[in-house]
Amino acid sequence: MDEQSLSDQPTAGKVLVIDDGDAMRQSVIDVLELEGFETLPASSGEQGLEILSNDSPDVVLLDVMMPGMNGLQTLEAIRANPATAELPVILVTALDEPTDVVRGLELGANDYLTKPPQYEILVARVRTQIKIK
């Protein structure tokens, strides 16, 4: 049996994780990588959009409350760009009022999770979005 390096094995998908909180972003990345996903970290909406201009993730996990360009503005920019308009986006935020959820979904989010996320649910929802895509 041939041994393959990890880089030769297929991943479960590629996930762009946009969150200004270093600890939250890293914990989400750690969980996703343990589940076989490739990850792309971004600490701001602007950085996330820059990564999207150069790479093609399967799903975006997007924090809403960020300084500068917030998550809803970032989502609007993703939806406005024909190259990324259909990209699955899951909002991950501490905002949990029904009006916040509705606003995110109306702007085109595919799903919505509150912080701190239950990691089993987060992974299941990422997998679901990749399957649907």
Side-chain angles (χ1 to χ4, degrees):
M1 173 153 80
D2 292 332
E3 289 187 27
Q4 287 186 321
S5 71
L6 285 176
S7 62
D8 292 338
Q9 296 178 13
T11 66
K14 189 185 300 185
V15 183
L16 172 58
V17 181
I18 306 173
D19 195 316
D20 64 314
D22 294 338
M24 179 59 68
R25 184 178 61 252
Q26 193 57 54
S27 68
V28 168
I29 286 170
D30 290 346
V31 167
L32 290 171
E33 288 180 351
L34 279 173
E35 293 292 328
F37 293 94
E38 181 181 342
T39 59
L40 302 165
S43 60
S44 69
E46 295 89 350
Q47 186 181 28
L49 292 175
E50 172 136 353
I51 290 169
L52 283 174
S53 70
N54 299 311
D55 211 324
S56 299
D58 297 300
V59 176
V60 176
L61 291 176
L62 179 59
D63 182 22
V64 173
M65 295 188 302
M66 296 186 291
M69 178 181 250
N70 70 37
L72 297 179
Q73 293 166 326
T74 305
L75 176 60
E76 288 179 308
I78 290 169
R79 293 295 178 243
N81 180 342
T84 58
E86 299 299 320
L87 182 64
V89 177
I90 301 172
L91 297 178
V92 184
T93 180
L95 298 173
D96 63 356
E97 293 297 319
T99 55
D100 298 320
V101 176
V102 169
R103 174 108 170 100
L105 295 172
E106 285 177 343
L107 289 173
N110 298 79
D111 207 340
Y112 195 104
L113 292 168
T114 56
K115 287 183 179 178
Q118 293 180 340
Y119 290 114
E120 300 85 2
I121 293 172
L122 183 142
V123 168
R125 289 188 176 183
V126 166
R127 283 191 177 123
T128 296
Q129 290 302 321
I130 290 172
K131 285 178 188 172
I132 292 171
K133 181 183 172 200

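All residue numbers in this chain count up from 1 along the given sequence.
Side-chain contact between Met24 and Val92 is absent, with no heavy-atom pair separated by less than 4.5 Å. Within the 4.5 Å cutoff, the side chain of Val59 has no heavy atoms near those of the Arg125 side chain. Contact check for Val28 versus Asp19: no side-chain heavy atoms found under the 4.5 Å cut-off.
Paired with Val89 under the rule side-chain contact (heavy atoms from CB on, under 4.5 Å), one option of Asp111, Asn110, Thr74 passes, and it is Asn110.
Note that CG of Leu34 and CD1 of Ile29 are 12.0 Å apart. Values are rounded to the nearest 0.5 Å. Rounding to the nearest 0.5 Å places CD of Glu76 at 10.5 Å from CD1 of Ile78. Of the inter-residue distances, the one linking Leu107 atom CG with Gln73 atom CD reads 10.5 Å to the nearest 0.5 angstrom. Atoms CG and OG1, from Leu16 and Thr84 in turn, are 10.5 Å apart once rounded to the nearest 0.5 Å.
Considering every non-hydrogen atom in both Pro41 and Ile51, the closest pair reads O-CD1, 3.3 Å. Nearest heavy atom pair, residue Arg79 against residue Gly108, reads NH2-O, 2.8 Å. Here the shortest heavy-atom pairing between Met69 and Met66 reads O-CE, 3.8 Å. Pairing each heavy atom of Ile18 with each of Gly45, the nearest pair is CG2-N, 4.0 Å. Listed here is the closest heavy atom pair of Leu62 and Gly71: CD2-O, 3.2 Å. Here the closest non-hydrogen pair linking Asp63 and Met65 is OD2-O, 3.1 Å.
Val123 and Leu61 end up in the same hydrophobic cluster when Ile, Leu, Val, Met, Phe, Trp and Tyr side chains are linked at under 4.5 Å. With hydrophobic clusters built from ILVMFWY side chains whose heavy atoms lie under 4.5 angstrom apart, Phe37 does not share a cluster with Leu87. Taking hydrophobic clusters as Ile, Leu, Val, Met, Phe, Trp and Tyr residues chained together by side-chain heavy-atom distances below 4.5 Å, Val17 does not share a cluster with Leu40. By the rule that hydrophobic residues join a cluster once side-chain heavy atoms approach within less than 4.5 Å of another member, Leu105 and Leu113 end up as members of separate clusters. Both Leu95 and Val60 belong to a single network of hydrophobic side chains, linked directly or stepwise wherever heavy atoms of I, L, V, M, F, W or Y lie under 4.5 Å apart.
Judged by distance alone, the side chain of Glu35 and the main-chain N or O of Leu32 form no donor-acceptor pair under 3.5 Å. Side-chain atoms of Asp58 come within 3.5 Å of backbone atoms of Lys14 as a donor-acceptor pair (strictly under, hydrogens ignored).
By the 4.0 Å N-to-carboxylate-O rule, Asp22 lies close enough to Arg25 to be salt-bridged with it.
The side-chain hydrogen bond (donor to acceptor under 3.5 Å, both in side chains) test applied to Asn81 returns no partner, not counting sequence neighbours.
Atom CD of Glu33 is surrounded by more than 12 heavy atoms from other residues, nucleotides or ligands within 6.0 Å.
With 3.5 Å as the limit, one finds no donor-acceptor pair spanning the side chains of Asn54 and Glu50.
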Notebook entry, point to check: Run the side-chain contact (heavy atoms from CB on, under 4.5 Å) check on Asp100 and Tyr112 step by step: do they pass?
Noted result: CA-CA 10 Å; Asp100 298 320; Tyr112 195 104; 3.5 Å; yes
